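Contents: one structure, followed by commentary.
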Amino acid sequence: MARTPKTYEGGCLCGNIRFAAHGPALDPHTCSCKMCQRHTGALTAAWVVFPKASVAWTGPGGAPALWRASAISSRAFCPVCGSTLGAIDDAPTVGLLLGAFDRTGGRELAPAYHSYKGGRPKWWRVEAADS
Ligand SMILES: [Zn+2]
Ligand SMILES: [Zn+2]
């Protein structure tokens, strides 16, 4: 039976960049690669992915500022407060960081796997299905 897809809202620390992402949230996972660590300042980042067409930038600042991080993707951040929002890929997908979401309680957001888990210190515990 069809359920109405959820809309996930969130944004940066100062409120300049806001998003509304229309579900379903795809590929929930955590990542402890060095790029995610440097980008977020956290040892592990928690991600979900949406088709680009499902994400609207709804804050006064419009779309986030971008920094080209790899051959396939740019990291997205607020130019006012510096908060990271995620990554905008060259592919028609947007990765959003769960820490930027207003609400993260939904079980469908729980990470299914942990990529680059070897990048975290051994004392850092991460809840993901394969952690
Ligand atoms: Zn901001
Ligand atoms: Zn990563």
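Values reported hereafter were calculated over all heavy atoms of this structure, with side chains retained and with hydrogens, waters and symmetry mates removed. Values in this document were obtained by computation on a predicted structure and should not be read as measured data.
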Chi angles and distances behind the side-chain contact (heavy atoms from CB on, under 4.5 Å) call for Thr84, Leu97: CA-CA 8 Å; Thr84 176; Leu97 288 159; 3.4 Å; yes
Leu98 vs Val48, side-chain contact (heavy atoms from CB on, under 4.5 Å): CA-CA, chis, key distance, verdict: CA-CA 7 Å; Leu98 282 182; Val48 287; 4.0 Å; yes
Worked check of side-chain contact (heavy atoms from CB on, under 4.5 Å) between His114 and Cys31: CA-CA 6 Å; His114 184 180; Cys31 185; 5.7 Å; no
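Taking every heavy atom of both residues into account, Ser73 and Ile88 meet most closely at OG-O, 3.6 Å. When all heavy atoms of Ala45 and Thr40 are compared, the closest pair comes out as CB-CG2, 4.1 Å. Closest approach of Cys36 and Trp47 over heavy atoms only: SG-NE1, 3.4 Å. Looking at every heavy atom in both residues, Leu43 comes nearest to Gln37 through O-NE2, 3.0 Å. Heavy-atom minimum distance, Ile17 versus Gly62: CD1-O, 3.5 Å. Closest approach of Lys52 to Asp90, counting heavy atoms only: NZ-O, 3.9 Å.
Between Cys78 and Cys14, some side-chain heavy-atom pair lies under the 4.5 Å cut-off. Pro64 places none of its side-chain heavy atoms less than 4.5 Å from the side chain of Phe77.
Leu66 CG to Leu85 CG: the interatomic distance, rounded to the nearest 0.5 Å, is 10.0 Å. For the atom pair CG of Leu109 and CG of Leu96, the computed distance is 11.0 Å after rounding to the nearest 0.5 Å. Atom-to-atom distance recorded for Lys117:NZ and Lys122:NZ is 10.5 Å, nearest 0.5 angstrom. Between the CH2 atom of Trp67 and the NE2 atom of His39 there is a distance of 9.5 Å, given to the nearest 0.5 Å. Separation of atoms NE2 (His22) and NZ (Lys6) is listed at 14.5 Å; rounding is to 0.5 Å.
For Arg125, the CZ atom counts as loosely surrounded, since its 6.0 Å shell holds 12 or fewer non-hydrogen atoms of other residues, nucleotides or ligands.
Hydrophobic clustering (ILVMFWY, side-chain heavy atoms < 4.5 Å, transitive): Val55 and Phe101 are in one cluster.
Side-chain atoms of Ser115 come within 3.5 Å of backbone N or O of Thr30 as a donor-acceptor pair. Of the possible polar contacts, one joining the Asn16 side chain to the Gly61 backbone as a donor-acceptor pair under 3.5 Å is found. At distances below 3.5 Å, not a single donor-acceptor pair connects side-chain atoms of Arg38 with backbone N or O atoms of Met35.
Between the side chains of Thr44 and Trp124, at least one donor-acceptor pair of N or O atoms lies under 3.5 Å.
Aromatic rings from Phe19 and Tyr8 are positioned such that their centres are separated by 6.0 Å or more.
The existence of a salt bridge linking Arg75 and Asp89 is excluded, since no basic side-chain nitrogen approaches an acidic carboxylate oxygen closer than 4.0 Å. In this structure, Arg18 pairs ionically with Asp102, as a charged nitrogen and a carboxylate oxygen lie closer than 4.0 Å.
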